[in-house]
Every structure is written in C-alpha cells, then in structure tokens.
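All remarks here apply to the structure that follows.
If you read the sequence from its start, that first residue is 1, and numbering goes on from there.
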Amino acid sequence: MSKEIKYGILLCAYDSIDTVEFCVQPWLNRDNCIINAVSVPFKDYEVKGDDGTQDVLKKYNIPFFEEPKFLVEADARNMSLRYLKQAEVDYVWLLDADEIYNVEEIDKIMKFVESQSYIDWFKINFKNYVFDNKRWTDGFCPPRIFKTEELGEFYWDNDISFYKKASKEEVTRQEERVSMIIPKGLAHVRHMTWLSNEKGKKKVEYQNRHFGHNGEHCCSYAWSHDKNELI
C-alpha cells in the first residue's frame with residue numbers, strides 16, 4: 001500500500017478579513033493537509049491591529065503564530081515552516097489569504113505534483129485581479145510548493161534554501177534545484193491582490209517601503225489621493 005502524500009499548508013493571513021474565509025474553506029477537512037498560519041504584520045507593513053482575520057482562523061481551528069510582530073517576511077514564514085516540518089509533511093504549500101483556490105484546482109495540482117517526484121519545487125499560475133473583481137492580468141507565477149526532503153529555510157519572501165544531499169550544513173538556493181510551473185490548463189488561481197480599496201492602498205505603500213531604495217517608487221501601481229483609487 002503506497003504512503004499517502006501529506007501537505008503542509010503555510011498560510012499567511014493578517015489584515016485580510018475580506019478574503020480569508022474564502023481562502024481557507026476549500027482546504028478544510030482534507031485528511032492529507034495540515035494547515036498552520038502566520039498572522040503577524042510584516043516589517044514595513046503599517047497597521048494598527050488585526051481586523052478580525054484571527055477570529056476566522058480561530059473559527060476554523062487553524063493554529064497560528066501571532067508574535068512577534070513586524071518580522072521580515074522570510075522570518076515570519078519560517079516560524080510556520082518549522083512547525084510543518086516537525087509534522088513530517090512531504091510538501092510545504094504557501095498560501096496567502098488573498099489566493100482563492102477551488103476544490104478542483106487543489107485536487108488537480110496535487111495529482112500533478114505527485115506525478116513529478118523528481119521536481120523539488122513548483123510555481124503556480126495566478127490571475128492577478130486588478131481594480132475590481134472583473135479585470136485581471138496574466139503571467140504571475142510565484143514559487144508555491146516545495147518538497148520537504150532536504151528543505152532548508154526561507155531567506156527572502158518566497159525564496160527558500162535546500163540542503164545539499166547528505167549535508168545539513170551546506171545549502172543551495174532554490175534556483176539551483178529542479179523546478180516546474182504548474183500548467184495553466186490545470187489551475188489558474190484567483191489572486192485578489194491589486195484592488196481599488198483600502199487594502200490595495202496599504203499594499204502599494206508596503207511594496208514601496210519593502211522593495212524601494214532611498215524613497216524610490218518601485219510598485220507597478222500607485223494610489224491616487226485625488227481620485228481615492230488605485231491607478
């Protein structure tokens with residue numbers, strides 16, 4: 001009898017009340033999934049407090065880290081990564097609270113991943129919704145699923161290290177390992193990201209602080225204070 005493949009779902013969910021419930025529902029009650037969440041504001045993300053996101057996590061009995069606050073994104077994810085590695089999952093799957101999968105997409109991705117045992121990590125195609133719930137852009141394929149065998153820790157937002165074979169000290173970056181993009185025909189996942197609302201405004205501010213240098217504007221979008229909308 002073959003061993004069931006286990007997935008550790010590493011959820012980042014903070015200040016996400018508009019989407020977090022839609023995000024988590026298709027992942028619940030899956031025997032092959034363990035969900036753990038990081039619910040802290042990242043460094044450079046200026047918010048006054050949680051908006052009710054943590055109440056949703058409690059409602060669905062999803063364990064989460066809420067301290068310390070204002071960590072860099074990699075350090076925040078590493079808290080949950082360690083938890084999931086201790087649970088001895090076979091893959092870690094990154095999930096942000098604005099990423100809305102459906103059950104069919106999850107099933108198809110899992111079947112595909114399990115058919116590609118020689119691949120160390122996978123990217124997923126997202127539909128980046130912009131301005132409203134109708135318009136979207138294509139071509140966003142971030143790293144999302146990582147085989148835990150020889151897996152190290154995050155060193156940047158979605159970037160992770162791997163241990164070299166037979167070594168727990170020498171590491172390689174993920175770019176040096178075998179990867180693949182999940183075909184768009186299998187899953188093209190909704191990413192409710194650049195919307196013209198208060199969350200979109202905060203995201204522009206965060207990206208300019210997080211990625212910019214010396215005050216340089218580095219985000220593809222901006223917030224129009226005159227029109228009070230994303231542009």
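Residues P26 and V103 form a side-chain contact, since some pair of their non-hydrogen atoms from C-beta on lies under 4.5 Å apart. Considering only heavy atoms from C-beta on, V171 stays 4.5 Å or farther from Y155 through its side chain. Two residues are said to be in side-chain contact when any heavy atoms from C-beta on lie closer than 4.5 Å; L94 and F146 meet this criterion. Counting heavy atoms from C-beta on, the side chains of L28 and I35 come closer than 4.5 Å. Between I160 and V92, every side-chain heavy-atom pair lies at or beyond the 4.5 Å cut-off. Two residues are said to be in side-chain contact when any heavy atoms from C-beta on lie closer than 4.5 Å; I124 and E99 fail this criterion. No side-chain heavy atom of E73 sits less than 4.5 Å from a side-chain heavy atom of W156. M180 is listed as a side-chain neighbour of Y118, based on a closest heavy-atom distance under 4.5 Å.
Between the NZ atom of K85 and the CG atom of N78 there is a distance of 8.0 Å, given to the nearest 0.5 Å. If you take SG on C23 and CG on D96, they are separated by 8.0 Å, rounding to the nearest 0.5 Å. Taking CD1 from I231 and NE2 from H225, the interatomic distance works out to 9.5 Å, rounded to the nearest 0.5 Å. Taken to the nearest 0.5 Å, the CG atom of L186 stands 12.0 Å off from the NE2 atom of H188. Atom CG of residue D132 and atom CE of residue M192 lie 8.5 Å apart, to the nearest 0.5 angstrom. Here the CD-CD1 distance, from E105 to I100, works out to 10.5 Å after rounding to the nearest 0.5 Å.
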What verdict does the side-chain contact (heavy atoms from CB on, under 4.5 Å) test give for F154 and L10, after you've listed the backbone C-alpha separation in whole Å, the side-chain angles of each residue and the deciding distance to 0.1 Å? CA-CA 12 Å; F154 291 97; L10 198 168; 3.9 Å; yes
Do E149 and F162 pass the side-chain contact (heavy atoms from CB on, under 4.5 Å) test, and can you show the C-alpha distance, the side-chain angles, and the key distance before you say yes or no? CA-CA 8 Å; E149 184 181 4; F162 286 83; over 6 Å; no
Start with the C-alpha gap between Y7 and R30, add the side-chain angles, then the distance that decides, and say whether side-chain contact (heavy atoms from CB on, under 4.5 Å) holds. CA-CA 10 Å; Y7 294 83; R30 286 180 171 268; over 6 Å; no
Using the rule given for side-chain contact (heavy atoms from CB on, under 4.5 Å), can you reason through M110 versus I5, listing the C-alpha separation, both sets of side-chain angles and the distance that settles it, and then say yes or no? CA-CA 9 Å; M110 287 180 174; I5 300 298; over 6 Å; no
Show your reasoning for whether side-chain hydrogen bond (donor to acceptor under 3.5 Å, both in side chains) applies to N158 and R77. CA-CA 9 Å; N158 299 315; R77 289 187 194 273; 3.3 Å; yes
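Placement of L71 and L84 within a single hydrophobic cluster is found when ILVMFWY residues are connected by side-chain heavy-atom separations under 4.5 Å, directly or transitively. With hydrophobic clusters built from ILVMFWY side chains whose heavy atoms lie under 4.5 angstrom apart, I34 does not share a cluster with V20. Residues I106 and F122 share a single hydrophobic cluster, defined by chaining ILVMFWY side chains whose heavy atoms lie under 4.5 Å apart. Linking ILVMFWY residues whenever their side-chain heavy atoms come closer than 4.5 Å, directly or via other members, leaves F22 and L95 in distinct clusters. I62 and Y83 fall into different hydrophobic clusters, where Ile, Leu, Val, Met, Phe, Trp and Tyr residues are linked whenever their side-chain heavy atoms come under 4.5 Å apart, directly or through other members.
Aromatic ring pairs are classed by plane angle as parallel below 30°, tilted from 30° to 60° and perpendicular above 60°; the pair F126 and F140 is tilted. Classified by interplanar angle (parallel below 30°, tilted 30° to 60°, perpendicular above 60°), the ring pair Y129/W136 is tilted.
No donor-acceptor pair closer than 3.5 Å links the side chain of N125 to the backbone N or O of A187. Checking side-chain atoms of S115 against main-chain N and O of V113 turns up no donor-acceptor pair under 3.5 Å. The closest donor-acceptor contact from the side chain of N128 to the backbone of T137 lies at 3.5 Å or more, if one exists at all.
F64 approaches S39 most closely through the heavy-atom pair CD1-CB, 3.9 Å. Taking both residues in full, the closest heavy atoms of L11 and A97 are given as CD1-N, 4.1 Å, listed atom of the first, atom of the second, then distance. Closest of all the heavy-atom pairs between T19 and D98 is OG1-CA, 3.7 Å. Between T148 and V89, the closest heavy-atom pair is OG1-O, 2.6 Å. Summarising the geometry of A37 relative to L57, their closest heavy-atom pair is CB-CD1, 4.1 Å, with the distance given to 0.1 Å. For Q174 against W121, the heavy-atom pair with the smallest separation is O-NE1, 2.8 Å.
Using a 4.0 Å cut-off between charged nitrogen and carboxylate oxygen, D138 and K184 count as a salt-bridge pair.
With 3.5 Å as the limit, one finds a donor-acceptor pair spanning the side chains of S80 and N36.
Applying the side chain to side chain donor-acceptor pair (under 3.5 Å) rule to K69 yields the partners E67; only residues at least two apart in sequence or on another chain are considered. Residues forming a side chain to side chain donor-acceptor pair (under 3.5 Å) with E21 (at least two apart in sequence, or on another chain): K59, Y60. For Y101, the ring-ring contact (aromatic ring centres under 6.0 Å, His included) partners at least two apart in sequence or on another chain are W27, W93.
Within a 6.0 Å sphere centred on CZ of R173, other residues, nucleotides and ligands contribute 12 heavy atoms or fewer. Within a 6.0 Å radius of CD in E114, more than 12 heavy atoms belonging to other residues, nucleotides or ligands are found.
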